[in-house]
Enquirer: 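I am attaching a structure below and will ask some questions about it afterwards.
All ligand and atom numbering here is 1-based and tracks the order in the structure. We number each residue from 1, following the sequence as shown. Because only heavy atoms are used, hydrogens play no part in the values below, and waters and symmetry mates are left out as well, while side chains stay in.
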Amino acid sequence: MRLLQEPSITKCKMKDSVGYIHSFNSLGAVDGPGIRFIVFMQGCPYRCPYCHNPDTREFSGGIPYSPLQVADKAVRYRTYFGEKGGVTVSGGEPLCQGEFVAELFKLLRSRGINTCLDTAGIKPDKAVERVLEHTDTVLCDIKFPTEEMYLKRVGGSLKNTLEFLRLCNKMGVNVIIRHVVVPGMTDTEESILAIKDLLSDIEYEKIELLPFRKLCTQKYKALGIEFPLKDTPECSKDTIKKLKALL
Ligand code: SF4
């Protein structure tokens with residue numbers, strides 16, 4: 001597994017005028033409020049052991065689109081969005097293509113469409129600020145409760161993610177925290193309480209606990225890479241229910 005010690009936006013930034021896109025989902029129901037058009041960006045500097053989209057991680061590849069092309073594509077589905085829905089940009093790590101996402105969100109908002117960013121967070125810079133200027137909701141994954149675990153298991157920095165969340169607060173962007181519960185890794189009361197603790201100075205709407213699933217196993221096989229959690233059991237509904245009670 002490739003580990004990056006301190007990923008930063010300069011390491012992962014791609015060309016700004018176009019976005020390199022892995023795929024689209026025209027009607028998603030689990031990535032942000034309501035029914036949404038989802039844009040999966042290509043490229044991610046992290047390597048979460050439970051990653052569901054390993055095919056979006058390499059920075060090579062992806063299909064180039066202009067922000068206008070994507071906005072036009074998404075707008076066709078607006079009748080399905082209802083009051084709460086809209087467009088979510090996910091990945092990969094969408095903030096690695098911050099200028100593109102900022103332009104896309106600006107265009108969408110000018111057409112009255114709600115915008116949502118699904119991210120693991122990166123160290124904030126001007127491009128990140130530009131994205132947040134045009135973002136209604138941020139879905140931010142907190143992967144593990146300590147900096148050491150981030151470095152070892154994700155190849156990222158928890159500090160950067162927390163700094164990103166503080167910027168979301170400062171800029172008045174609604175924040176929803178998400179956390180994947182992995183048996184044997186993060187399924188203890190201590191782990192969940194530690195995550196709640198480290199968010200003590202951050203405002204957020206809620207914390208969503210997501211059970212670890214292995215639906216991605218085939219993707220790893222197709223890519224010819226080992227799924228690091230192939231022998232880990234899926235997380236049960238009971239565990240999620242028990243841990244949710246702590247929040
Ligand atoms: S941040 Fe998302 S896309 Fe990147 S490795 Fe982690 S789960 Fe996969």
Enquirer: Got Asp31 and Arg36 here, is their nearest side-chain heavy-atom distance under 4.5 Å?
Expert: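 They are not in contact (no side-chain heavy atoms under 4.5 Å apart), so the answer is no.
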
Enquirer: Give the C-alpha distance, both sets of side-chain angles, the deciding distance and a yes or no for salt bridge (Lys or Arg N to Asp or Glu O under 4.0 Å) between Asp187 and Lys242.
Expert: CA-CA 10 Å; Asp187 62 340; Lys242 188 183 82 187; over 6 Å; no

Enquirer: Are any non-hydrogen side-chain atoms of Lys84 and Asn114 less than 4.5 angstrom apart?
Expert: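 Side-chain contact under 4.5 Å: no.
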
Enquirer: Is there a side-chain contact between Pro45 and Glu93 (heavy atoms, below 4.5 Å)?
Expert: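 Pro45 reaches Glu93 side chain to side chain.
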
Enquirer: So Phe100 and Val18, do their side chains get closer than 4.5 Å, heavy atoms only?
Expert: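 No, too far: nothing below the 4.5 Å cut-off.
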
Enquirer: Could you give me a count of protein N/O/S atoms that are under 2.8 Å from atom 4 (Fe) of ligand 1?
Expert: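 Step by step: take atom 4 (Fe) of ligand 1, keep protein N, O, S below 2.8 Å, and you get 1.
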
Enquirer: Considering non-hydrogen atoms of the protein only, which is the closest contact for atom 2 (Fe) of ligand 1, and what is the distance?
Expert: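 Its nearest protein heavy-atom neighbour is Lys143 NZ, 4.1 Å.
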
Enquirer: Assert yes or no for the condition that the ring centre distance of Phe40 to Phe24 is strictly below 6.0 Å.
Expert: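 For Phe40 and Phe24, the ring centres are not under 6.0 Å apart.
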
Enquirer: Side chains of Asn169 and Glu203: is there a donor and an acceptor less than 3.5 Å apart?
Expert: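 Per modelled atom types, Asn169 and Glu203 side chains form no pair under 3.5 Å.
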
Enquirer: Contact between ligand 1 and His52 is defined here as a heavy atom of the residue under 4.0 Å from a ligand atom; is it met?
Expert: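 It does not; every heavy atom stays at 4.0 Å or beyond.
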
